[in-house]
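Here is the structure we will look at.
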2 protein chains.
Amino acid sequence: MRYSSTHKEEVREKLLATSQAIAKAGGFSTTGVDALMGAIGLTGGAFYSHFPSKQALFEAVIEREMANSSDMLAGDGSSAPDHVAKRLRGYLSTFHATHPEQGCALPTLGAEISRAQPEVRKAVEACLKKVHDNWAERVEDSDAAWALIAQCVGALMLARSVDSDKTRKEILAANRRFIDEAHSLEHPLQPPSGRQA
Amino acid sequence: MRYSSTHKEEVREKLLATSQAIAKAGGFSTTGVDALMGAIGLTGGAFYSHFPSKQALFEAVIEREMANSSDMLAGDGSSAPDHVAKRLRGYLSTFHATHPEQGCALPTLGAEISRAQPEVRKAVEACLKKVHDNWAERVEDSDAAWALIAQCVGALMLARSVDSDKTRKEILAANRRFIDEAHSLEHPLQPPSGRQA
DNA sequence: GTCTATATCTAGATAGAC
DNA sequence: GTCTATCTAGATATAGAC
């Protein structure tokens, strides 16, 4: 064959990586196959040597996204004691709010996931449960873990839905401060400066 | 003229109402003008007598959605003392999670809002601030109000992103219980039964 | 496996008859 | 104002040459 034995695997890998970023930035359904393939230097026709349909790519993208996020957020046995605080700080950062292509898939693709087939939502559910179960042992209880996840996802949506940088930063900072105040984390998200009324 | 003097206004009203529901259920960009017009018994060509472009309809839909939501959530001077608790209970209900077409626009259209023009996000920002400022006086402080809004929006996204009814209900219930526990609301969301560990 | 060309379909938007 | 017909553009997907 004219291509190396790992060629197909490499193309698939690049396609997935760039598709993830592009979909998170501009939405999956609103981006065409030609654009996704063009981003890795190929034409649209070659797409179907790697995926049977655009829908199949969506499923692969979401599963990779969620697996990635849950691995990172949940951590493992060797995680530092301030692991949760570190992840929360990064999640609720201005950088994350202004760079959706590098961030969590839920705030950007959550609506498309909601309308997707059961298999996709099953994968999302498994990853969410993984983060929840892990965090439930590091915060007050199970309820607090679900509340924390919800607050983070929602805060990012809010921060991206407003226009002014000032309001965006205020929403993120308020959410960080509230977590420090309401949750009994071992380590605070930010220095115990002042919480404003 | 062959149409009543209020005809155009009535059509516009119906178009907006159905477009809001359809967009929240299936996404705005993924729904065509023909489908939106067909839902009120007209054909696609007639659309442009009411809006100059599909984009203009999106702006009108979002502004109406947010104004509606913020009016309902913020309440007014005559609101009952348990107003916030009532709204939170309805927002974090299974009915809301399973009927996006009747619910808040942020969890379903938040991503599309994030990618929209500044004018749209300005309108969203104003409505969010209205709810925040109102709630800030009824909960602990400003931070708690932002955290509450974020938690609600995120909880609904999570509830809709999972597959099983059981997990969906658990996410919603956990978020309701956490609010009762962490926020000093005058009235609880649900009877002080048991909060599970 | 990738390319170009193409088939098919749908989208947003416009033109002209009624 | 609404309709049908149409223009133009873009989408998913397939076919056949290299």
Side-chain angles (χ1 to χ4, degrees), chain A residues 1-62 109 111-112 115-117 119-120, chain B residues 1-62 109 111-112 115-117 119-120:
Chain A
M1 59 184 70
R2 296 164 54 199
Y3 297 92
S4 73
S5 61
T6 60
H7 176 78
K8 187 164 182 177
E9 192 182 359
E10 290 166 7
V11 168
R12 184 189 164 96
E13 177 61 31
K14 278 205 294 183
L15 175 57
L16 276 169
T18 60
S19 295
Q20 288 179 245
I22 293 174
K24 287 189 287 183
F28 184 82
S29 65
T30 53
T31 309
V33 170
D34 278 14
L36 296 174
M37 293 300 284
I40 60 170
L42 298 178
T43 57
F47 173 80
Y48 297 91
S49 296
H50 300 278
F51 289 94
S53 67
K54 197 193 173 195
Q55 172 62 24
L57 173 65
F58 179 68
E59 296 172 18
V61 161
I62 297 300
L109 300 176
E112 293 188 69
R115 301 168 195 133
Q117 299 161 331
E119 298 89 59
V120 176
Chain B
M1 58 182 74
R2 295 163 54 199
Y3 298 91
S4 73
S5 62
T6 60
H7 175 78
K8 186 165 181 176
E9 191 181 359
E10 291 165 7
V11 168
R12 184 189 163 95
E13 177 61 30
K14 279 206 293 184
L15 176 58
L16 276 169
T18 60
S19 295
Q20 287 180 244
I22 293 174
K24 287 188 286 184
F28 185 81
S29 65
T30 54
T31 308
V33 169
D34 278 14
L36 296 174
M37 293 300 283
I40 59 171
L42 298 178
T43 56
F47 173 80
Y48 297 91
S49 295
H50 300 278
F51 288 94
S53 67
K54 197 193 174 196
Q55 171 63 24
L57 173 64
F58 179 69
E59 295 171 18
V61 160
I62 296 301
L109 300 175
E112 294 187 69
R115 301 169 194 133
Q117 298 160 332
E119 298 88 60
V120 176

Sequence neighbours excluded, which residues qualify as side chain to side chain contact (heavy atoms under 4.5 Å, CB included) partners of A:Thr31? A:Ile22, A:Ala35, A:Leu36
Quick check on contacts: within residues 6-25 of chain B, what sits under 4.0 Å from DNA chain D by heavy-atom distance? B:His7, B:Lys8, B:Val11
One character per nucleotide, please: for nucleotides 11-18 of chain D, 5' to 3', B when the base has a protein heavy atom closer than 4.0 Å, S when only the sugar-phosphate does, - otherwise. SSBB---B
Which residue pairs pass the salt bridge (Lys or Arg N to Asp or Glu O under 4.0 Å) test with at least one member in residues 17-26 of chain A, sequence neighbours excluded? A:Lys24-A:Glu65
Report the distance from atom CG of A:Leu42 to atom P of C:dT4, rounded to the nearest whole Å. 11 Å
Please state how far atom CG in B:Leu36 lies from atom P in C:dA13, giving the value in whole angstrom units. 12 Å
When rounded to whole Å, the CD1 to C1' distance for the pair A:Ile40 and C:dT2 reads 11 Å
Any side-chain heavy-atom pair from B:Leu15 and B:Phe51 closer than 4.5 angstrom? yes
Rounded to the nearest Å, what distance is computed from the OH atom of residue A:Tyr3 to the C1' atom of nucleotide C:dG1? 4 Å
Kindly write out the residues that satisfy side chain to side chain contact (heavy atoms under 4.5 Å, CB included) with A:Gln55, not counting sequence neighbours, or none if the list is empty. A:Ser53, A:Phe58, A:Glu59, A:Gln117
Report the distance from atom OG of A:Ser29 to atom CZ of A:Arg115, rounding to the nearest 0.5 Å. 8.0 Å
Check whether any side-chain nitrogen or oxygen of A:Thr43 sits under 4.0 Å from OP1 or OP2 of C:dT2, and answer yes or no. no
Test item: B:Phe47 and B:Leu57 side chains (from C-beta on) under 4.5 Å apart, heavy atoms: yes
Can you pull out every salt bridge (Lys or Arg N to Asp or Glu O under 4.0 Å) where at least one residue sits in residues 7-22 of chain A? Sequence neighbours excluded, please. A:Glu13-A:Arg64
Give, for atom CZ of A:Phe28 and atom CD1 of A:Ile62, the distance between the pair rounded to the nearest 0.5 Å. 8.0 Å
